[in-house]
Novice: 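After the structure tokens below, expect a handful of questions from me.
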Amino acid sequence: MTTLQSVPALGTHPASGSLPSRAETREQLSRATYDLLVIGGGILGISTAWHAAQSGLRVALVDAGDFAGATSSASSKLLHGGLRYLQTGAVKLVAENHFERRAVSREVAPHLANPLTFYLPVYKGGPHGAAKLGAGVFAYSALSAFGDGVGHVISPAKAQRDVPELRTDNLKAVAVYGDDQMNDARMALMTVRAAVDAGAVVLNHAAVTGLRFTRGRVTGADLKDSTDGTEFGVTARLVLNATGPWVDHLRKMEDPNAAPSIRLSKGAHLVLKRTRPWRAALATPIDKYRITFALPWEDMLLLGTTDEEYEGDPADVSVTEADTAQILDEAAFSIKDQQLSRDLITYSFAGLRVLPGGPGDTSKAKRETVVTEGRGGMLSVAGGKWTTFRHIGRTVMNKLAALPGHPLAEDMEPMNRLPRKLPLPGIANPNAVAHRLLIDGPAPGPRMAPDTARHLATHYGSLAFDIARLANENPELAERVHPDAPEIWAQVAYARDHEWAETADDVLRRRTTLTIRGLATDDVREGVEKLLADRD
């Protein structure tokens, strides 16, 4: 177990090429007038900032918490076409989702996404028959141009070889299809990095305390740095409200009489240790519209999700006992009891889906993106799916270009003239990166462990070599943060100097997997805090 005595001592000099200090960033934000201020560092705001910076606009991005600190790191970790949307006849939507999914996983971020085979079990008395599901997965794969193979049906015995914990009682057949998986927090952070590489100025842990107005128009925001209480402001020609579940809160700052524009749906998940290896995921129909997932993810098992209307404070969303019982009960339709022991749970999390306002069951609501303009000229964007984050960024930019009077159009490059599949930083073949990390280890010294090499390759791509260099220069940084996790201390130093990590939770929950593995012990947390404090 890591102790405080074993935490590497780096001194107070961050690595060369590290980020500007928070004071320097605040000064930069305060003294310039930006074309676009994006409030909200979830994936919608991040993607818009990335595309806006690519288009040549002067862009600032701020968030009250950490980047991807709320809903954007509480998803089901999937890049998917949306199999259930076929039931509603949304064929065009599924095809568009597949296009974006393939673009991200094959060309934009193959180092951060990986293909995942899904098994859809058909039980006697279930909501769907084998013939219907077989036709459904065939159509689903056709809409993806059969890029993941042809959707088909296999026998229960074959499925159980890949998913040993699959419940086979009354199992008639298993439909097979393909989608992709990611670590959502890492994908978001790499997109922040891409936005900065394109010229955006970003700051997390900076909360909006009020909006700035000029002749009735929103022209910026006043902010407070939660790390030290410093107050500052940002002036901008246009402000974009991308605060997700808090979108109406900011709209009321603009107009106290603004009517609600969204409703919220809570999705809870559980993370469990796996009792045996899984080579495929399960997508089990619960009823006509809902599916429960069991996903092999980060060497663990991710179960979920729930879907129920949420009316409380977004900051208070959490996994309740009722959520846990529901997830385990629904998982038991297709998973054996030994894999569902509560003793195996390492972590639970809940996020809020932002849906268009209106009546009806949240599980049947479309995951649409809504862009509205307030009476003070502030644009608000909400909703959408992780899979289409690039498309949402382009959609918002097209909206900006078409605003009355075209205030930004002459200063921005049209979206159709920009690269459609610009890669995220670190793009590389993760297998090749892992191989290089293993054979290019420190000499003299122990080789990098295979699980650490694989972890670095699939979470950083070619940027993993920067972390390996840190470990080579300081052997203490090559040590594991916790003996049961692949992460090494060099990742903590790298998160501090290059990934905007300010708090232990920033590191443990979003830049590494230590919290979700249940390994964020007091010793680990104190060690991370000590290393974070070693900065100028």
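Residues take their numbers from the sequence shown, with the count starting at 1.
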Novice: Given the rule in the side-chain contact (heavy atoms from CB on, under 4.5 Å) test, do L240 and L36 qualify, once you have shown the distances and angles that lead to the verdict?
Specialist: CA-CA 7 Å; L240 178 72; L36 180 66; 4.1 Å; yes
Novice: Between K336 and A332, is there a donor-acceptor pair closer than 3.5 Å when you use the side chain of the first and the backbone of the second?
Specialist: no
Novice: Under 3.5 Å, is there a donor-acceptor pair between the side chain of W386 and the main chain of S72?
Specialist: yes
Novice: Is it the case that atom CZ in R417 sees more than 12 heavy atoms from other parts of the structure closer than 6.0 Å?
Specialist: no
Novice: State, to 0.1 Å, how close D63 and G41 come at their nearest heavy-atom pair, and which atoms those are.
Specialist: OD2-N, 2.5 Å
Novice: Return yes if a side-chain donor-acceptor contact under 3.5 Å exists between N398 and T395, otherwise no.
Specialist: no
Novice: Taking all non-hydrogen atoms of both residues into account, name the closest pair between L301 and A294 and its distance.
Specialist: CD1-C, 4.1 Å
Novice: Is there a donor-acceptor pair under 3.5 Å between the side chain of K266 and the backbone N or O of S318?
Specialist: yes
Novice: Is there a donor-acceptor contact under 3.5 Å from the side chain of E254 to the main chain of M378?
Specialist: yes
Novice: With side chains defined as the heavy atoms from C-beta onward, is the minimum distance between L424 and W50 less than 4.5 Å?
Specialist: yes
Novice: Would you say that more than 12 heavy atoms from the other residues, nucleotides or ligands in this model lie under 6.0 Å from the CZ of R106, or not?
Specialist: yes
Novice: Taking atom NE2 as the centre, does H152 end up with more than 12 heavy-atom neighbours from other residues, nucleotides or ligands that are less than 6.0 angstrom away?
Specialist: yes
Novice: Side-chain atoms of residues 344-351: list all donor-acceptor pairs with protein atoms under 3.5 Å, sequence neighbours left out, distances to 0.1 Å.
Specialist:
unit_1 : atom_1 : unit_2 : atom_2 : d
T346   : OG1    : V271   : O      : 3.4
T346   : OG1    : I516   : O      : 2.6
Y347   : OH     : R509   : NE     : 3.1

Novice: Within the 3.5 Å criterion, strictly below it, is a donor on T387 or E100 matched to an acceptor on the partner's side chain?
Specialist: no
Novice: Please check: side-chain N/O of Q339 versus main-chain N/O of T275, any donor-acceptor pairing under 3.5 Å?
Specialist: yes
Novice: Could you check T388 against E96 for side-chain contact (heavy atoms from CB on, under 4.5 Å), going step by step and ending with a plain yes or no?
Specialist: CA-CA 8 Å; T388 57; E96 291 172 348; over 6 Å; no
Novice: Centre of F333's six-membered ring, under 6.0 Å away, within 45 degrees of the axis: is that where NZ or CZ of R167 sits?
Specialist: no
Novice: May I ask you to test the T513-H459 pair for a side-chain heavy-atom distance under 4.5 Å?
Specialist: yes
Novice: Measure the shortest side-chain to side-chain distance between L408 and L238 over non-hydrogen atoms and say whether it is less than 4.5 angstrom.
Specialist: yes
Novice: Is atom NZ of K252 surrounded by more than 12 heavy atoms (other residues, nucleotides or ligands) closer than 6.0 Å?
Specialist: yes
Novice: Evaluate the side-chain contact (heavy atoms from CB on, under 4.5 Å) criterion for residues D66 and D505: first the C-alpha distance (whole Å), next the side-chain angles of each, then the deciding distance (0.1 Å), finally the verdict.
Specialist: CA-CA 9 Å; D66 189 21; D505 280 336; over 6 Å; no
Novice: Are V202 and N204 side-chain neighbours, meaning at least one heavy-atom pair lies under 4.5 Å?
Specialist: no
Novice: Keeping the roles fixed (side chain from E499, backbone from R193), state whether a donor-acceptor pair exists under 3.5 Å.
Specialist: no
Novice: Consider only side-chain N and O atoms of Y140 and D148, and report whether a donor and an acceptor are under 3.5 Å apart.
Specialist: no
Novice: Taking side chain as C-beta onward, heavy atoms only, is L211 less than 4.5 Å from I39?
Specialist: yes
Novice: Is the shortest side-chain N to carboxylate O distance from D299 to R454 below 4.0 Å?
Specialist: no
Novice: Contact between Y119 and I154 at the side-chain level, heavy atoms closer than 4.5 Å - yes or no?
Specialist: yes
Novice: So, do I427 and S462 sit near enough that their side-chain heavy atoms are less than 4.5 Å apart?
Specialist: no
Novice: Between the side chains of D307 and R353, is the shortest nitrogen-to-carboxylate-oxygen separation below 4.0 Å, so that they form an ion pair?
Specialist: yes
Novice: What's the shortest heavy-atom distance between L340 and L272, and which atoms?
Specialist: CA-CD2, 4.3 Å
Novice: Quick one about D323 and T306 (side-chain donor to acceptor, distance below 3.5 Å, no hydrogens or angles considered), yes or no?
Specialist: no
Novice: Looking at M412 and L57, what are the two nearest heavy atoms and their distance?
Specialist: CB-CD2, 3.7 Å
Novice: Taking all non-hydrogen atoms of both residues into account, name the closest pair between H98 and D179 and its distance.
Specialist: CE1-OD1, 4.0 Å
Novice: Could E410 and R237 be called an ion pair, given the rule that one side-chain N must be under 4.0 Å from one carboxylate O?
Specialist: no
Novice: Look at the aromatic rings of F146 and F138 and report parallel, tilted or perpendicular, splitting at 30° and 60°.
Specialist: tilted
Novice: Is there side-chain contact between M182 and V104, with heavy atoms separated by less than 4.5 Å?
Specialist: no
Novice: Can you tell me how the ring of F67 sits relative to the ring of W500, calling it parallel under 30°, perpendicular over 60° and tilted otherwise?
Specialist: perpendicular
Novice: Measure across L79 and A113 and return the closest heavy-atom pair with its distance rounded to 0.1 Å.
Specialist: CD1-CB, 3.8 Å
